[in-house]
Amino acid sequence: MSLQHAPKNIHVSFEFFPPKTEKAEDKLWESVRRLEPVHPEFVSVTYGAGGSTRDRTHRTVKRMVEETNLVPAAHLTCVSASKAEVMGVVDDYLDAGVQHIVALRGDPPEGMGAKFEAHPEGFSGSIELIEAIRNYKPALGKRFEISVAAYPEAHPDSHGLKRDLEILKAKQDAGADRAITQFFFEPDHYLSFLDAARDAGIHIPIVPGIMLQPNFNGLKRISALCGATLPNWLHELYEGLDDDAEQRELITANVAADLTMKLADKGVKDFHFYTLNKAGLSLSTCRLLGIKPTAKAA
Ligand code: FAD
């Protein structure tokens, strides 16, 4: 597929992180406003390690409900909190009008790579959390949409593909509506994981997570921790560009659009972009894919 033949009927969603400072908050809201006219299926807001952004995540999704036409999805983890505390956050999301949760085990406070220990009164992991959200106050008649994480190249804690697929199937059986993947750069990593998942009876959508990180040194650090590989061709593309942010951004948008088009060519319709709160890169990637901002139809 070439740029002259952008894929038709693909849908995008965007991930943001909650800002730490007033300046970062202004930048996030500028990005949200610029991306709103692309009409994403939903926008998600991450939950900092160990619940460190609990209030900021809540404030961000609440403001999205109140001030935009976007459908926010709030991330939630089980780390360092009792079941009652975690479900208190679910309650707060519901009060704020948020009905989509990205339910995760989360990483230990020491960071990715450290061993996860459940809180003594907490959830043992993502599966119990998903079950609790799915069964939450059914009398209210509201159904949460639940997204979960999946790892085409295996999570660092993985005990092998077979066990990973059992875990993903258990997430589906517990009530997950969709999985969103960790980022990856080789289409085959995703496509072979998708095939294996379908063979294992996993039928929920598995939405590829597409990374828009133009800071290649930063990307190397995250990849080393989360188990995503950076192919040699990617190293070569960014080689010598440490001091050239402009070229790195152009490359990042093109790499993301190319990966998306290759997957769209194989029938994938939904894509989740890790925006890093930067609208420009997401907008140019979308434009390369034939998705332009438009006014909302009346
Ligand atoms: P799980 O899927 O429950 O477990 C992760 C992996 O551990 C499994 O795939 C499997 O390989 C292994 N494993 C788990 N249980 C078992 C078992 N019983 N037996 C054998 N192996 C097992 N982190 C945050 O802190 N905040 C966020 O907002 C956030 N958002 C994310 C969004 C996406 C789309 C993704 C992909 C990740 C996100 N993360 C976030 C990172 C995530 O919290 C970490 O990767 C965490 O280590 C695992 O969480 P999980 O829900 O994927 O766990």
Side-chain angles (χ1 to χ4, degrees), residues 13-19 42-54 56-58 60-61 72-81 86 89 93 98 100-118 122-133 146-184 189-190 193 196-197 200 202 204-212 222-228 270-277:
S13 52
F14 297 123
E15 182 176 299
F16 300 101
F17 59 85
F42 62 90
V43 290
S44 80
V45 181
T46 61
Y47 196 77
S52 56
T53 69
R54 175 183 168 148
R56 282 186 276 132
T57 300
H58 183 263
T60 307
V61 288
H75 292 218
L76 180 60
T77 73
C78 316
V79 178
S80 305
V86 173
V89 179
Y93 286 155
V98 176
H100 182 170
I101 293 184
V102 182
L104 303 143
R105 185 195 74 180
D107 288 309
E110 304 80 57
M112 271 189 272
K115 188 171 164 15
F116 174 80
E117 302 275 1
F123 291 110
S124 61
S126 61
I127 296 160
E128 271 191 19
L129 173 63
I130 296 158
E131 263 166 11
I133 300 170
I146 303 175
S147 295
V148 298
Y151 302 86
E153 293 186 79
H155 185 277
D157 297 350
S158 171
H159 291 229
L161 178 65
K162 187 167 171 284
R163 184 78 185 111
D164 287 355
L165 292 172
E166 285 166 2
I167 291 168
L168 188 54
K169 171 83 164 47
K171 292 186 189 186
Q172 169 182 287
D173 295 345
D177 296 300
R178 113 178 18 75
I180 301 172
T181 77
Q182 184 59 277
F183 67 87
F184 58 91
H189 285 148
Y190 168 83
F193 181 76
I202 298 161
I204 53 172
I206 300 179
V207 179
I210 309 287
M211 179 52 91
L212 293 172
I222 312 172
S223 305
L225 289 169
C226 76
D270 296 291
F271 297 89
H272 188 69
F273 288 103
Y274 295 112
T275 69
L276 305 179
N277 293 2

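All ligand and atom numbering here is 1-based and tracks the order in the structure. Reckoned from all heavy atoms, side chains included, excluding hydrogens, waters and symmetry mates. Since this is a predicted model, take the numbers as computed values, not measurements.
Counting atoms of ligand 1 from 1 in the listed order, those under 4.0 Å from a heavy atom of Arg163 are 17 (C), 18 (N), 19 (N), 20 (C). Taking a cut-off of under 4.0 Å to the non-hydrogen atoms of Thr46, the atoms of ligand 1 that pass are 28 (O). Using a 4.0 Å cut-off to heavy atoms of Ser158, the atoms of ligand 1 that qualify are 11 (O). Set against the non-hydrogen atoms of Gln182, the atoms of ligand 1 under 4.0 Å away are 36 (C). Those atoms of ligand 1 with a heavy atom of Asp164 less than 4.0 angstrom away are 9 (O), 10 (C), 11 (O). The contact set between ligand 1 and His75, taken as ligand atoms under 4.0 Å from a residue heavy atom, comprises 27 (C), 28 (O), 29 (C), 30 (N), 31 (C), 32 (C). Ligand-side atoms of ligand 1 in range of Ala149: 35 (C), 36 (C), 52 (O), range being under 4.0 angstrom from any heavy atom.
Atom 2 (O) of ligand 1 has as its closest protein heavy atom Lys171 NZ, 2.6 Å. Among all non-hydrogen protein atoms, the one lying nearest atom 26 (N) of ligand 1 is Tyr47 O, 2.6 Å. Tyr274 OH, 4.0 Å is the protein heavy atom nearest to atom 33 (C) of ligand 1. Looking from atom 45 (O) of ligand 1 to the surrounding protein, the closest heavy atom is Tyr151 OH, 2.7 Å. The closest protein non-hydrogen atom to atom 40 (C) of ligand 1 is Leu104 CD1, 3.9 Å.
A salt bridge links Arg163 with Glu166; the closest basic N to acidic carboxylate O contact falls under 4.0 Å.
The distance criterion of under 3.5 Å between nitrogen or oxygen atoms is not met by Glu15 with respect to ligand 1. Close N/O approach between His155 and ligand 1 is found [any backbone or side-chain N/O within under 3.5 Å]. For ligand 1, the polar-atom distance check finds no N/O of Thr77 at less than 3.5 Å from any of the ligand's N/O atoms.
When the side-chain hydrogen bond (donor to acceptor under 3.5 Å, both in side chains) test is applied to Gln172, the partners found at least two apart in sequence or on another chain are His203.
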